[in-house]
2 protein chains.
Amino acid sequence: MARASTTSDTFNAVAEPRRREILSYLAGAERPVGEIVEALGLEQTSVSKHLRVLRNVGLVRMRCQGRQKLYRTNAEAIRPLHEWAGTFERYWQHQLHRVKARAEAMALQGLSDLKPSDTKLKEK
Amino acid sequence: MARASTTSDTFNAVAEPRRREILSYLAGAERPVGEIVEALGLEQTSVSKHLRVLRNVGLVRMRCQGRQKLYRTNAEAIRPLHEWAGTFERYWQHQLHRVKARAEAMALQGLSDLKPSDTKLKEK
DNA sequence: TTGACATATGCCTATATCGGCATGTAATGT
DNA sequence: ACATTACATGCCGATATAGGCATATGTCAA
């Protein structure tokens with residue numbers, strides 16, 4: 001099997017770089033498809049297809065106006081993602097504290113026993 | 001062409017539900033692969049492959065201990081995602097304010113001119 | 001009605017994935 | 001040295017996707 005249905009999942013929808021660009025572009029204001037095409041330099045059919053995916057997961061809203069269709073980002077649909085990522089916040093803060101504490105401890109010791117073989121400085 | 005290289009992108013890495021499960025499971029503590037397999041009820045080879053993807057984008061860290069390999073989530077690598085989603089925060093707040101304002105306006109008017117044909121209640 | 005404009009959709013191909021299975025590799029125990 | 005444990009990797013098939021192209025749909029204008 002391949003990846004589990006991209007089309008119906010917010011995480012998969014934003015995994016595509018162009019879709020993220022579109023979301024950012026449509027965050028502040030409503031725009032017709034043509035403007036997106038021009039602004040982002042993409043093919044029209046490509047934009048239409050990305051918009052379709054984004055609509056299916058509720059990341060954008062559409063409104064018809066004459067022969068144009070105005071799209072805008074539905075920012076609320078991005079919240080779940082923000083919140084999911086936020087559940088890890090306490091952990092990265094924890095890690096930062098550890099790093100900071102270690103740095104301070106070393107400073108107190110005047111880095112006297114800091115030997116390359118002893119440290120995990122290669123972190124990264 | 002298909003989707004642009006999933007393996008080297010954080011957004012794509014977390015697009016996979018099982019990988020998200022693994023990240024959550026490894027957020028608090030270091031664990032050997034076997035425990036992940038057992039805890040999440042996945043195939044061992046599948047877990048290994050997901051861990052590989054997660055490692056490639058820095059979402060997990062690995063440490064060898066005897067014949068085990070201990071993995072843990074590198075929460076910091078999730079921050080960019082959190083921050084990206086956070087750039088939309090002002091917009092969803094904005095939308096909430098609009099909704100609230102409209103609701104209050106309607107309340108003030110006693111909903112006198114609220115007609116089904118007039119509203120976009122069919123919104124989903 | 002005819003035609004131009006704005007957007008959507010269908011078909012096709014190349015590619016990238018996930019999962020399953022078998023196998024490879026490294027560390028430990030006997 | 002050999003078996004066992006703990007993971008990783010390679011190959012395969014099924015599927016889903018993105019992009020390109022042609023075309024369909026829908027709206028306005030003359």
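Residue numbering restarts at 1 for every chain, and letters A, B, ... go by the order of the sequence lines. Values below: all heavy atoms of this structure, side chains included; hydrogens, waters and symmetry mates excluded.
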Just by distance, with hydrogens left out, do B/Gln44 and B/Ser48 show a side-chain donor and acceptor under 3.5 Å apart?
yes
Do B/Leu40 and B/Val47 have side-chain heavy atoms sitting under 4.5 Å apart?
no
Min side-chain heavy-atom separation A/Val60-A/Leu23 under 4.5 Å:
yes
Donor-acceptor pair (no angle test) under 3.5 Å: A/Lys49 side chain, C/dG10 base:
yes
Can you tell which of D/dA8, D/dG26, C/dG19 lies closest to the side chain of B/Leu51?
D/dA8
For D/dT25, does OP1 or OP2 lie under 4.0 Å from any side-chain N or O of A/Arg67?
no
Can you measure A/Leu54 atom CG to D/dA18 atom P for me and round it to whole angstrom units?
10 Å
Non-hydrogen side-chain atoms of B/Trp84 and A/Ser24 separated by less than 4.5 Å:
yes
Rounded to whole Å, CG of B/Asn12 lies from C1' of D/dA18 at a distance of 12 Å
Rounded to whole Å, the CZ-P distance (B/Arg55 to D/dA8) equals 8 Å
Ranking A/Lys69 and B/Met62 by the position along DNA chain D of their nearest nucleotide, the one closer to 5' is B/Met62
Side chains of B/Leu51 and B/Ile36 in contact at under 4.5 Å (non-hydrogen atoms):
yes
Tell me the interatomic distance from B/Glu16, atom CD, to C/dT17, atom P, rounded to whole angstroms.
11 Å
Less than 4.0 angstrom between a side-chain N/O of A/His50 and OP1 or OP2 of D/dT17, yes or no?
no
Which one, C/dT9, C/dC5, D/dC7, comes nearest to the side chain of B/Gln68?
D/dC7
Please check if the number of heavy atoms outside A/Gln93 that lie under 6.0 Å from its CD is greater than 12.
yes
Phosphate OP1/OP2 of D/dT9 contacted by B/Arg52 side-chain N/O (<4.0 Å):
yes
Looking at DNA chain D, which of residues 25-45 of chain A put a heavy atom within less than 4.0 Å of it?
A/Glu43, A/Thr45
Is it the case that over 12 heavy atoms from other parts of the model lie below 6.0 angstrom from the CD atom of B/Glu89?
yes
What nucleic acid atoms does A/Ser46 come within less than 4.0 Å of, heavy atoms only: base, sugar-phosphate, or nothing?
sugar-phosphate
Please tell me if A/Arg18 has a side-chain N or O lying less than 4.0 Å from either OP1 or OP2 of D/dG19.
yes
Within the pair B/Tyr71 and D/dA8, is there a side-chain N or O less than 4.0 Å away from OP1 or OP2?
yes
